[in-house]
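Below: the structure, in structure tokens.
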2 protein chains.
Amino acid sequence: MVEHILNLDSVFASLSDSTRRDILRRVAEKQLSVSEVAKPYKLGFAAISKHLKVLEKARLIIKHRQGKEHIIQLSPAAVKNAADYLIHYQTIWDRRFDALEMLLIHLPAEEKTGWPKTIKAPRKTL
Amino acid sequence: MVEHILNLDSVFASLSDSTRRDILRRVAEKQLSVSEVAKPYKLGFAAISKHLKVLEKARLIIKHRQGKEHIIQLSPAAVKNAADYLIHYQTIWDRRFDALEMLLIHLPAEEKTGWPKTIKAPRKTL
DNA sequence: GTATCATTCAACCATATGGTTGAACATATC
DNA sequence: GATATGTTCAACCATATGGTTGAATGATAC
């Protein structure tokens, strides 16, 4: 099903930097040259180049040359795969979340859950 | 809607380490003491303790004392929030993915997309 | 109180990360 | 060919990360 190797370490590491998340977001809207990518930030070109290399290694973007410019685009396949994984994670967590929620709703708090009282029980409306 | 501050930097940084992802997965199944968490890995206790602190700071787990043991549980609220965010991300990406797919289906490849020919077009069945 | 068990803290080390600067490389233009 | 433009590379710096070891803390057991 998943054709490409999804390196979760590098994908999540890529996403752990807000500049890179912002770059991803902008590149998702429209393909950009490296200069265009760099424009909004007060970083040097080399720094942007490094960020792009991180994103490229994580297969979140594709870089290719067009004349003297290097064009950056979101890498559709890798993004799709990452999204699939995240959905899977989300499912696991939601299930667990529901289970914990059940516990909290049906048990008299602290007694069996072993939670400190300062921890709020999750709410359905959350 | 989101009550707690979701620090995406620390959440994604937490998820970028496979040991921590594994700990999260195991703790999601069942609450564990620090020793129990540590057991499967060949790391020292201090290393595990550090990993747990990273996860705690990212609000992905809750730690509390029970006698002389420290019990680790998945932090439901934070996990729910993280999952919500990931779903959102996934939605953005899926939308973008669909848009790229449209482009690739309806245009004669390389000419207007500017993609190198070695890049496979995404497939509906992916 | 003393010993023991569970865990953390402190100090240290190696490597990774995010940034800088300035030189180098491609491509386009004159 | 010379020059300008766009981007990367190399070297460097500061800080963060992931690990170690050994001492310190906190709670239980004797």
Revision key, fill the gap. In whole angstroms, the gap separating P of dT27(C) from NE2 of H64(A) amounts to 14 Å
Review point. What's the NZ-C1' distance between K53(B) and dC9(C), to the nearest Å?
Key: 7 Å
**Study point:** Footprint string (nucleotides 17-30 of chain D, 5' to 3'): B base within contact, S backbone only, - free, heavy atoms under 4.0 Å
**Key:** -BBBB----SSS--
Review point. Within this structure, what is the CD1-to-C1' distance between I72(B) and dT8(C), rounded to whole angstrom?
Key: 12 Å
Review point. So, for I48(B) and Y41(B), which heavy atoms are closest and what is the spacing to 0.1 Å?
Key: CD1-CD1, 3.8 Å
Review point. For E69(A), which residues count as a salt bridge (Lys or Arg N to Asp or Glu O under 4.0 Å) partner, sequence neighbours excluded?
Key: none
**Study point:** Check: R20(B) side chain, L15(B) main-chain N or O, donor-acceptor pair, under 3.5 Å
**Key:** no
Practice item. For L52(B) and dC9(C), give me the distance from atom CG to atom P, rounded to whole Å. Key: 12 Å
Practice item. Decide yes or no for S18(A) and L8(B): does some side-chain heavy atom of the first lie under 4.5 Å from some side-chain heavy atom of the second? Key: no
Point to revise | Closest non-hydrogen atom pair between L43(B) and A47(B), with its separation | key: CB-CB, 4.0 Å
Point to revise | For S33(A), all residues meeting side chain to side chain donor-acceptor pair (under 3.5 Å), sequence neighbours excluded | key: E36(A)
